[in-house]
Amino acid sequence: MNKETLSEQQLAAIKSDFDFFDRDGNGQIDIAEFIELLTALAPKTKVSHVDEGFKLIDTNNDGFIDFAEFLTWWQDCWWEY
C-alpha cells in the first residue's frame, strides 16, 4: 500500500495519528515525541530500539520525522515495534 492507494479517509486517519504524537504541533516528531509513540505502541520497547527505530524512519537524517517519513513507516512496518 502506498500513498496513491490510500483513501482520503485512511490518509486522514494516519495524519491524525501523526498529529497526536507531534505534541508541539511543529509538523515533525522529535526523539522525545517518538519515545511517547513507541511507548504507546509497545510499552516494553528497549532503549536501543528507540534510537535504532528513529534512525530508520528519519530517512533524511535531519533529526526529525516528518509526515512523509511517518507515512512510509506507518504503511510498511509500524507493527514491528
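Keep in mind that what you see is a predicted model, and the values were worked out from it rather than measured.
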Enquirer: Quick one, Ile29 and Ile57 - any side-chain contact, counting heavy atoms below 4.5 Å?
Expert: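 Answer no - side chains too far apart.
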Enquirer: I need the Asp51 CG to Ile35 CD1 distance, nearest 0.5 Å.
Expert: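 The distance works out to 7.5 Å.
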Enquirer: Might you point out which heavy atoms bring Asp17 and Trp74 nearest each other, and give the distance in Å?
Expert: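 In terms of heavy atoms, the two residues are closest at OD2-CZ2, 3.4 Å.
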Enquirer: Among Asp58, Asp30, Ile31, exactly one meets side-chain contact (heavy atoms from CB on, under 4.5 Å) together with Phe64. Which residue is that?
Expert: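 Exactly one pass, corresponding to Asp30.
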Enquirer: If you round to the nearest 0.5 Å, how far is CD1 of Ile14 from CG of Leu6?
Expert: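 Interatomic distance, Leu6 CG to Ile14 CD1, rounded to 0.5 Å: 5.0 Å.
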Enquirer: Where is the tightest heavy-atom contact between Arg23 and Glu36, given as atom of each residue plus distance?
Expert: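 In this case the closest contact between Arg23 and Glu36 is NE-OE1, 2.8 Å.
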Enquirer: What residues form a salt bridge (charged side-chain N to carboxylate O under 4.0 Å, His left out) with Asp19, not counting sequence neighbours?
Expert: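 Salt bridge (charged side-chain N to carboxylate O under 4.0 Å, His left out) check on Asp19 returns Lys15.
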Enquirer: Once rounded to the nearest 0.5 Å, what's the spacing between atom OG1 of Thr59 and atom CD1 of Ile65?
Expert: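 That separation rounds to 9.5 Å.
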Enquirer: Calculate, to the nearest 0.5 Å, the distance between atoms CZ and CZ belonging to Phe70 and Phe34 respectively.
Expert: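 Separation between the atoms: 9.5 Å.
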Enquirer: Spell out, as yes or no, whether a donor-acceptor pair under 3.5 Å connects the side chain of Gln28 to the backbone of Gly63.
Expert: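 No; zero donor-acceptor contacts below 3.5 Å.
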Enquirer: Please name the pair of heavy atoms, one in Phe18 and one in Gly27, separated by the smallest distance, quoted to 0.1 Å.
Expert: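 That closest heavy-atom pairing would be CZ-O, 3.4 Å.
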Enquirer: In Å and rounded to the nearest 0.5 Å, what is the CG to CD distance from Asn61 to Glu69?
Expert: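 Reported value, rounded in 0.5 Å steps: 8.5 Å.
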Enquirer: Does Leu71 reach the side chain of Leu11, with side-chain heavy atoms less than 4.5 Å apart?
Expert: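 They are in contact (side-chain heavy atoms under 4.5 Å apart), so the answer is yes.
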Enquirer: Working to the nearest 0.5 angstrom, can you tell me the gap between Phe20 CZ and Leu37 CG?
Expert: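 These two atoms lie 9.5 Å from each other.
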